[in-house]
There are 2 protein chains.
Amino acid sequence: MKELIAKYREKGFKLTPQRLAILKFLDGNTGHPTAEDIYNSIKKIYPTVSFATVYNTLQTLGDKGEILEITIDPQKKHYDPNPNPHHHIICLGCNKIGDIFEDYSEALRLPNRIVEEFKPVGNHINFYGICRECQKKQKRRN
Amino acid sequence: MKELIAKYREKGFKLTPQRLAILKFLDGNTGHPTAEDIYNSIKKIYPTVSFATVYNTLQTLGDKGEILEITIDPQKKHYDPNPNPHHHIICLGCNKIGDIFEDYSEALRLPNRIVEEFKPVGNHINFYGICRECQKKQKRRN
DNA sequence: TTACCAGATTAGAATTATTCTAATCTAAAT
DNA sequence: ATTTAGATTAGAATAATTCTAATCTGGTAA
Ligand SMILES: [Mn+2]
Ligand SMILES: [Mn+2]
Ligand SMILES: [Zn+2]
Ligand SMILES: [Zn+2]
């Protein structure tokens, strides 16, 4: 927590109580929360916190490279408290998201015709699957 | 066009003029239109067409495996008239989308701890890059 | 310690994509 | 020609996100 404060103060990040609550929520969090998840959690301590604050803070943290926005659920944005490059698998039944830390970069060579048109800057693999829980539910239904 | 009609009639797909216009728009289209792109195009011929029809038709076509929904632009859904599995690169400047037909499946082995938790059903790689046009714009700005 | 102000917070409105509703219409089977 | 399951429509509803403009406050420097 002390480190958290020091880390962000160094970066010229104004540390308000609301922001600290958000940082604390994200710190070490291995999930992939939505803005709403974060809002609901912060609201317990700061009942007047607004969605705008949550979105503003997430935007700022994203700009600073402290979190990632992941484009995997077409319904809403998820945020990844772990900004190290990695991939994800999403359950097509319940949208549960899992981390995949394999490094596939060697294999992900782009064809020439693409490299001529785009300067590559990164990549992200969305794996799709059915989680164990949802597999059970499907069997029950049959 | 005749083939189009035959193909969909076979599948028990009721062929209305609006649907034919949508099918015609999508047939052989190598872009990645949004619902709005399609709506705007169809509206020229059927000015009373509604967004609901576009979304309904896209949903039905998706269910039939004739098109894909691609989750790459957090702002809006894009649809891919080419349902064969392939990957995409998106320009971080202008959101232009390019197709990548490389087959990386051999390399995309999932770690055991994931396979224990999820039954894999597919994957899709989002590459990110800057297109030539946007590279030029950036240089002008500097 | 205090005064200051750039930047943060807030409530609520606005925007935007998408889905829903319920009345009407129509393709195509009979 | 009749029938009807399914398609179309206008418009309302929903939901995620962004914007606005008034107010507040953390951190700096006198
Ligand atoms: Mn992750
Ligand atoms: Mn494509
Ligand atoms: Zn699941
Ligand atoms: Zn571009």
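Note that these values count all heavy atoms, side chains included, but never hydrogens, waters or copies made by symmetry. Numbers restart at 1 for each chain; the letters A, B, ... are given by sequence-line order, proteins then strands.
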Under 3.5 Å, is there a donor on one side chain and an acceptor on the other for [X] and [Y]?
{"X": "Asp80(B)", "Y": "His88(B)", "value": "yes"}
{"X": "Asp63(B)", "Y": "Thr60(B)", "value": "no"}
{"X": "His124(B)", "Y": "His87(B)", "value": "no"}

Counting heavy atoms from C-beta on, name the nucleotide in [options] closest to the side chain of [X].
{"X": "Pro17(A)", "options": "dG26(D), dT9(D), dA27(C)", "value": "dG26(D)"}
{"X": "Thr57(A)", "options": "dT9(C), dC20(C), dT19(C)", "value": "dT9(C)"}
{"X": "Asn56(A)", "options": "dT8(D), dT17(D), dT9(C)", "value": "dT9(C)"}
{"X": "Thr48(B)", "options": "dT9(D), dT18(C), dT8(D)", "value": "dT9(D)"}

Under-4.0 Å side-chain N/O to phosphate OP1/OP2 contact, Tyr55(B) with dT19(C): no
Contact nearer the 5' end of DNA chain D, comparing Val49(B) with Lys76(A):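 The residue whose closest nucleotide sits nearer the 5' end is Val49(B).
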Of Gln75(B) and Thr16(B), the one whose closest DNA chain C nucleotide lies more 5':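 In this pair, the answer is Gln75(B).
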Nearest-nucleotide 5' precedence on DNA chain C, Tyr79(B) against Lys14(B):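 Taking each residue's closest nucleotide, the earlier one in sequence belongs to Tyr79(B).
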Sole residue of Tyr79(A), Tyr55(A), Phe51(A) in ring-ring contact (aromatic ring centres under 6.0 Å, His included) with Tyr39(A):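 Single ring-ring contact (aromatic ring centres under 6.0 Å, His included) partner of Tyr39(A) among Tyr79(A), Tyr55(A), Phe51(A): Phe51(A).
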Length of the CZ-P vector between Phe13(A) and dT28(D), whole Å: 15 Å
Sugar-phosphate, base or nothing in reach of Thr34(B), heavy atoms under 4.0 Å: nothing
